[in-house]
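Following: one structure in structure tokens, then a few remarks.
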Number of protein chains: 2
Amino acid sequence: MSNAGDHETSRLDDAARAGWLYYVAGNTQDEIARKLGVSRQSAQRLVSLAVSEKLVKVRLDHPIARCMELAHGLSEKFGLVSCEVAPSDPDAPAALTGVAQLAAGEIERLLKSDHPKIIALGTGRALRACVEQLPKMDCPQHRIVSLLGNMMSDGAATPYNVVIRMADRVNARHYPMPLPVFARSVEEKQLLQQQEAVHNILELARQADVTYVGIGNIGDNAPLLIDGFVSREETRALIKAGAVGEITSWVFDRSGKLIDGLTNDRVASAILHVSPSKPVIAIAVGTLKTDAILAAMRGRLINGLITDEATAEHLLNH
Amino acid sequence: MSNAGDHETSRLDDAARAGWLYYVAGNTQDEIARKLGVSRQSAQRLVSLAVSEKLVKVRLDHPIARCMELAHGLSEKFGLVSCEVAPSDPDAPAALTGVAQLAAGEIERLLKSDHPKIIALGTGRALRACVEQLPKMDCPQHRIVSLLGNMMSDGAATPYNVVIRMADRVNARHYPMPLPVFARSVEEKQLLQQQEAVHNILELARQADVTYVGIGNIGDNAPLLIDGFVSREETRALIKAGAVGEITSWVFDRSGKLIDGLTNDRVASAILHVSPSKPVIAIAVGTLKTDAILAAMRGRLINGLITDEATAEHLLNH
DNA sequence: CAATTAGACGGGCAAATATTCATTCAGACT
DNA sequence: AGTCTGAATGAATATTTGCCCGTCTAATTG
């Protein structure tokens with residue numbers, strides 16, 4: 001017993017020595033092997049033992065480090081395939097620019113690919129801000145498709161038309177959806193979606209390689225209400241039915257399940273299709289939205305998230 | 001100006017991201033390159049930037065780490081070619097076993113070499129304890145030579161006969177010095193050293209590839225006094241002449257210079273020869289000895305040290 | 001506006017590191 | 001004693017990393 005213990009501790013001592021020489025003194029494993037009088041392989045084993053035994057602790061002195069940890073934590077906890085957290089600007093915690101730049105960077109990287117991609121987009125302020133950050137590019141190989149109508153029910157254009165703006169910037173083929181966001185009735189919705197053009201666009205959206213969406217909360221300050229898509233009475237009914245958030249106007253409850261009936265009967269938007277190889281990434285910032293974001297992640301409506309530090313903190317602390 | 005600053009910070013941000021992914025998340029630089037959308041080379045540059053900008057801090061959670069730091073500090077401060085620090089046992093701070101094991105390990109490594117080596121040894125409790133830790137070995141290729149006589153002036157054997165004990169253990173040729181430690185007079189010393197055998201041994205000692213010695217303090221509890229080599233009056237005279245320590249009975253002052261006259265006139269031991277390729281390593285423990293050790297290092301009487309944590313701390317804080 | 005120059009970039013290659021695998025060795029158990 | 005087992009070892013090999021160098025870009029200067 002005492003022998004085994006001694007043996008173990010002396011091995012750990014050596015591991016610590018090797019770890020120190022490697023990480024602190026910057027020796028190569030060959031040098032460590034020489035100094036400790038063991039073979040190079042053994043030195044390597046000692047170093048990796050020091051790591052696996054958690055003897056070496058690495059810390060990163062930079063605000064970004066916290067963001068990386070939060071992103072990692074969110075990915076783990078909610079099984080996301082992709083998660084990025086931008087530093088919050090303490091002066092303007094609600095500002096979108098950090099997140100918008102981060103998301104724009106990711107999209108830009110995507111667009112640089114030579115392989116043709118289908119990119120599906122929702123709407124929303126965050127997404128709009130992000131598109132504004134995109135540089136001029138020339139990407140005729142890609143296609144950008146809208147997930148939801150660009151009209152109000154009365155035919156007016158919707159305020160945050162992301163697809164057209166983006167296609168404009170990056171010069172890609174694009175497919176805005178020539179529909180209202182909500183049909184006036186279930187029958188009208190079916191009628192509209194039977195049009196061949198609409199059908200094709202919905203099919204394209206289904207095949208999208210990546211999908212970026214915003215997330216809206218439900219309540220007095222809900223985007224859907226503010227932008228005039230749903231009435232105050234409808235909002236009340238939705239809340240009563242347990243609604244906490246919406247993505248492309250599809251309203252869902254606390255567990256991320258779509259609400260049956262009510263406005264969802266008349267939503268003309270494409271339905272989301274999540275799979276690990278076809279990420280659906282939400283861009284959403286703000287503590288008001290945490291319930292909606294949490295629900296969307298729980299219900300696997302999304303499998304990717306781009307947010308800011310403050311929101312990420314809230315999400316990890318329920 | 002603001003552009004340059006922004007550029008720099010965003011570069012550091014990326015460096016921090018890369019550093020985090022590399023050191024915390026354990027990604028390879030290829031993966032980082034893919035995730036950050038840059039070339040592998042750039043990812044490598046970012047990681048090394050994070051290191052050179054001191055964004056990554058490594059800490060080792062193990063008592064050994066402190067010892068390594070102390071050893072490093074001592075090497076730097078006193079230009080040692082070799083320095084090792086053993087953890088002090090808090091229960092028995094004066095115990096030699098930690099240091100003895102460490103030194104034995106180093107000697108064992110040396111003995112494992114196939115190249116014939118000449119190893120010169122002094123005496124002392126520390127060295128003796130160290131030799132006791134050596135395992136049985138078979139090293140006929142090496143030679144072990146004594147730096148100083150193994151007799152009292154009256155012909156009795158000296159108490160800590162290290163050479164014979166060690167040669168016994170490792171089965172090497174050995175050369176004990178058939179002399180008293182101190183001659184009775186300058187004339188006797190010259191006479192003794194003119195013997196051919198003694199002359200050869202001294203020459204061998206001069207050529208030694210490595211030399212291990214103890215360090216003694218001077219004073220009421222000096223080994224030289226306790227073991228009966230010098231009298232109380234001689235000790236007083238030595239202290240008056242500025243003596244603070246001795247190595248192989250050669251007495252030196254605060255700055256590491258050998259004392260002129262007094263007992264040094266009659267010392268029959270070999271004189272130490274220090275050079276970077278022929279290290280002279282002291283094995284010395286105890287806060288009583290710090291002055292002696294400091295002096296020996298200052299005067300370049302030694303260029304290597306094996307000690308324990310507590311002593312090392314004292315040495316570094318003057 | 002042209003010339004110069006500092007710095008970033010990526011290809012290619014050598015060094016360093018990680019992993020696999022067959023072998024050895026010490027201790028446990030029959 | 002013989003045999004088994006599991007850990008440790010070093011050779012071989014695969015992967016990863018670090019660095020040099022020619023090229024390119026963009027900013028600065030005359």
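Throughout, a chain's letter reflects where its sequence line sits, starting with A, and its residues are numbered from 1.
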For the pair [X] (side chain) and [Y] (backbone), establish whether a donor and an acceptor sit closer than 3.5 Å, ignoring hydrogens and angles.
X	Y	value
A:Q141	A:S113	yes
A:N303	A:P279	no
A:K278	A:H273	no

Reading 5' to 3' through nucleotides 17-24 of chain C, protein heavy-atom contacts under 4.0 Å coded B for base, S for sugar-phosphate only, - for none: BBBB----

Intermediate values then yes/no, side-chain contact (heavy atoms from CB on, under 4.5 Å), B:N171 and B:M137: CA-CA 7 Å; B:N171 187 33; B:M137 299 177 72; over 6 Å; no

Would you kindly give the [atom1]-to-[atom2] distance between [X] and [N], to the nearest whole Å?
X	N	atom1	atom2	answer
A:L36	D:dA8	CG	P	16 Å
A:D14	D:dA8	CG	P	12 Å
B:E31	D:dT15	CD	P	13 Å
B:L21	D:dT17	CG	P	12 Å

Under 4.0 angstrom between A:S42 side-chain N/O and D:dA8 OP1 or OP2: no

Distance test, side-chain N/O of A:S39 to OP1/OP2 of D:dG10, below 4.0 Å: yes

Worked check of side-chain contact (heavy atoms from CB on, under 4.5 Å) between A:V38 and A:R45: CA-CA 11 Å; A:V38 298; A:R45 282 174 189 125; over 6 Å; no

Axis-to-axis angle between the two ends of the helix from C:dC1-D:dG30 to C:dT30-D:dA1 (five base pairs per end, rounded to 10 degrees): 30°

Over all atoms of both residues, closest heavy-atom pair of B:I306 and B:Y212: CD1-CE2, 4.4 Å

Salt bridge (Lys or Arg N to Asp or Glu O under 4.0 Å) between B:K57 and A:D61, worked out: CA-CA 7 Å; B:K57 314 247 168 149; A:D61 255 0; 3.1 Å; yes

Steps toward salt bridge (Lys or Arg N to Asp or Glu O under 4.0 Å) verdict (B:E106, B:R109): CA-CA 5 Å; B:E106 185 176 316; B:R109 225 169 291 148; 5.7 Å; no

